[in-house]
Number of protein chains: 2
Amino acid sequence: MRKLKDSRRPEILDAALAVAAERGLDGVSMRAVAQHLDLTPMALYGYFRSKDELLDAVLGRLLAEIPPPPADLGWREVVEHLANGLRAVAVRHPSALPLLFTRPAVSPAGVRIVDMVYQALLTAGVPKAEVPRLERMLSTFVIGHVSSETNGRFGTGSLDSLARRAQLPPEQLPGLQALADQLGAPVDWTQEFRIDLRDLCDLVEHLVSSAA
Amino acid sequence: MRKLKDSRRPEILDAALAVAAERGLDGVSMRAVAQHLDLTPMALYGYFRSKDELLDAVLGRLLAEIPPPPADLGWREVVEHLANGLRAVAVRHPSALPLLFTRPAVSPAGVRIVDMVYQALLTAGVPKAEVPRLERMLSTFVIGHVSSETNGRFGTGSLDSLARRAQLPPEQLPGLQALADQLGAPVDWTQEFRIDLRDLCDLVEHLVSSAA
DNA sequence: ACCTGAACACCGTTCAAGT
DNA sequence: ACCTGAACACCGTTCAAGT
C-alpha cells in the first residue's frame with residue numbers, strides 16, 4: 001500500500017472532467033487523461049492507485065462543487081438548495097453523471113451533504129428512527145431524476161412510436177392510449193424536478209404531523 | 001443497415017447474463033460472450049449491430065422477466081407487484097443492474113410496464129395531466145432504490161468511520177452525531193423498500209383527494 | 001444462412017529503470 | 001520525488017473470405 005502524492009491531484013481531476021466532456025465518460029481512459037496533461041499514463045499511478053480510485057475522486061470533486069446552504073435557511077430550503085445544487089452540477093458535467101449512481105459516494109463532500117440533510121430532517125421534526133430512511137429516499141429521488149433526465153431514460157414519444165416499440169397495437173396499451181394527448185408534449189424537467197421535490201417535502205411534513 | 005438474424009438471440013442474451021454473473025458487467029465483452037457459446041466474437045455481429053445493442057437487448061430481457069400482475073388487483077397492488085417484480089429481477093441479476101439506470105428502456109417490456117402503471121394511476125383517480133409525472137417519480141424511485149442497494153450507495157457506517165471519511169471531527173457533523181445510535185445498525189432493505197413505496201402511494205392518494 | 005481469421009486502433013496495469 | 005518505456009493480457013469493430 002504505497003503512499004500517494006497529491007500535489008497534482010486537482011489538475012488530474014480537471015483533466016478527467018475535460019476528457020469526459022470532450023469524448024464521453026467511456027472516453028476517460030488513463031491514457032487519454034495523461035495525454036491531456038502531457039504525461040505518460042503511468043505518471044497517474046503516482047496519484048491514484050487505479051482508474052477506479054481516480055473515478056471515485058472525480059465523483060468527490062463533483063459533490064464538492066455543490067455550494068453549502070446559507071445558515072439561516074429553513075429545512076425545506078436546505079433540502080431544495082442541495083437538490084438544486086446537485087442538479088446544477090449535473091448540468092455542468094452531464095457526461096460525468098453516471099458516476100453518481102454507479103459508485104458509493106464515500107468522499108468528504110458526500111458525507112457532509114448527508115449530515116446537512118440529517119440536520120434538516122431533524123429540525124423538521126422527523127423522529128430520529130425515520131431520518132436515515134427519508135434521507136435515502138430523498139437522495140435516491142434526486143440522483144435518480146437527474147440521472148434519468150440526463151441519459152434519456154425519460155424518453156418521450158408519440159403513442160404510435162411507443163406502440164411500435166412495444167410490438168403491440170395501440171388498443172392493447174390502454175394506459176398510453178388514454179394519455180395520447182400528453183405523450184408527445186415537451187416537458188420542462190426543471191419544473192418537474194421542483195414539483196416532485198415539493199411533493200416529497202410535503203410527504204415528510206405529513207409523516208411528522210401524523211407521528212405527533 | 002443490414003438485416004439481423006434472430007434465431008439465436010435468446011441464447012446470446014443468456015450467455016451475456018451468465019458472463020455478467022461470473023465476471024461482472026465489466027467482464028461482458030463480445031469476446032467473452034462469444035467464447036461462452038463456442039463462437040468467434042464476430043459471429044455475434046450477425047445478431048446485434050454492436051455491443052451497445054446487445055446490452056439494450058439484455059435490459060429488455062430483464063424487464064420481460066417481470067411477471068404481469070393478475071387482472072383483479074387494485075391500483076396500489078399493481079404498482080407494488082411491478083415494483084417488487086423489478087426488485088426480484090435485481091436480486092436474480094445483481095451485476096446486470098447498472099443497465100437500468102445507464103440506458104433508456106426502449107424495449108417492448110419497458111413500454112408495457114409504463115402502460116400498466118399509467119392504467120393504475122388513472123384508476124386511482126389521478127388527473128390525466130399528472131399521470132406521466134407520477135409514473136416517472138415512481139419508476140425513478142424504484143430503479144434508484146434497487147440500484148443504490150445493489151451497488152452499495154446506501155453504505156452504512158459508524159459515526160467515527162463517517163467522520164474520518166468527511167475529514168472532519170464528529171462535532172462538526174451535528175446531524176450524524178445526533179443519530180449516532182442508528183448509524184451502525186443493519187437495515188432490512190426489503191422492508192424499507194416496501195415502506196417507501198407505501199409512502200409514495202399515499203402521496204399519490206393525497207394528490208388525488210386534494211385535487212378533487 | 002451462418003460463421004471464421006487476420007488486422008486495426010485501442011484498453012488497464014506491472015515492472016524495472018531513469019533523473 | 002517524479003516520471004518514462006516496454007511489455008502483457010486484454011478490448012470493439014471492419015473487412016474479406018469461407019462453407
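Bear in mind the structure is a predicted one, so any value in this text is a computation, not a measurement.
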Once you round it to whole Å, what is the distance between C1' of D:dT4 and CG of A:Leu44? 12 Å
Between B:Val79 and B:Met116, is any pair of side-chain heavy atoms under 4.5 Å apart? no
Per-pair distances, 0.1 Å, donor-acceptor, side chain in residues 176-198 of chain A, under 3.5 Å, sequence neighbours excluded:
| from | atom 1 | to | atom 2 | distance (Å) |
| --- | --- | --- | --- | --- |
| A:Asp188 | OD1 | A:Thr190 | N | 3.1 |
| A:Asp188 | OD1 | A:Gln191 | N | 3.1 |
| A:Thr190 | OG1 | A:Arg87 | NH1 | 3.4 |
| A:Thr190 | OG1 | A:Arg87 | NH2 | 3.2 |
| A:Glu192 | OE1 | B:Arg136 | NH2 | 2.9 |
| A:Glu192 | OE2 | B:Arg136 | NE | 2.8 |
| A:Asp196 | OD1 | B:Arg133 | NH1 | 2.6 |

Which residues satisfy the side-chain contact (heavy atoms from CB on, under 4.5 Å) test with A:Pro108, sequence neighbours excluded? A:Arg112, B:Gln167
Rounded to whole angstrom, note down the C1' distance from C:dA7 over to D:dC11. 14 Å
Under the rule of Watson-Crick or G-U wobble with both distances under 3.5 Å, where | means paired to another strand and [ ] a crossing pair, DNA chain D maps to ||.|||||...|||||.||
Which nucleotide wins on minimum distance to the side chain of B:Ala43, given the candidates D:dT4, C:dT4, C:dC2? C:dT4
Which value, in whole Å, describes the distance between the P atoms of nucleotides D:dC2 and C:dA16? 22 Å
For A:Asp38, give me all partners under side-chain contact (heavy atoms from CB on, under 4.5 Å), at least two apart in sequence or on another chain. none
With B:Ser158, which residues qualify under side-chain hydrogen bond (donor to acceptor under 3.5 Å, both in side chains), at least two apart? B:Ser161
Residues 9-27 of chain A side chain polar contacts: donor-acceptor under 3.5 Å, at least two apart:
| from | atom 1 | to | atom 2 | distance (Å) |
| --- | --- | --- | --- | --- |
| A:Arg9 | NH1 | A:Tyr47 | O | 3.2 |
| A:Glu11 | OE1 | A:Arg8 | NE | 3.1 |
| A:Glu11 | OE2 | A:Arg8 | NH2 | 3.0 |
| A:Asp14 | OD1 | A:Arg61 | NH1 | 2.1 |

Spacing of B:Leu37 atom CG relative to C:dT4 atom C1', expressed in whole Å: 15 Å
Roughly how far apart are B:Leu63 CG and B:Ile113 CD1, rounded to 0.5 Å? 5.0 Å
Among residues at least two apart in sequence or on other chains, which ones pass side-chain contact (heavy atoms from CB on, under 4.5 Å) with B:Pro68? none
Tell me which residues in residues 10-22 of chain A put a heavy atom below 4.0 Å from DNA chain D, sorted by number, or none. none
From the set C:dC2, D:dC2, D:dC3, return the single nucleotide nearest to any side-chain atom of A:Leu39. D:dC3
Name all residues meeting the side-chain hydrogen bond (donor to acceptor under 3.5 Å, both in side chains) criterion together with B:His81; count only those two or more places apart in sequence or in a different chain, and write none if there are none. none
Got a sec, which residues hit side-chain hydrogen bond (donor to acceptor under 3.5 Å, both in side chains) with A:Gln119, two or more places apart in sequence or on another chain? A:Asp115
Report the residues that fulfil side-chain contact (heavy atoms from CB on, under 4.5 Å) with B:Ser147, sequence neighbours left out, ordered by chain and then residue number. A:Phe101, B:Leu97, B:Phe101, B:Asn151
Go along nucleotides 7-18 of chain C 5' to 3' and tag each nucleotide: B for a protein heavy atom under 4.0 Å from its base, S when only backbone or sugar atoms are that close, - otherwise. ----BBBBB---
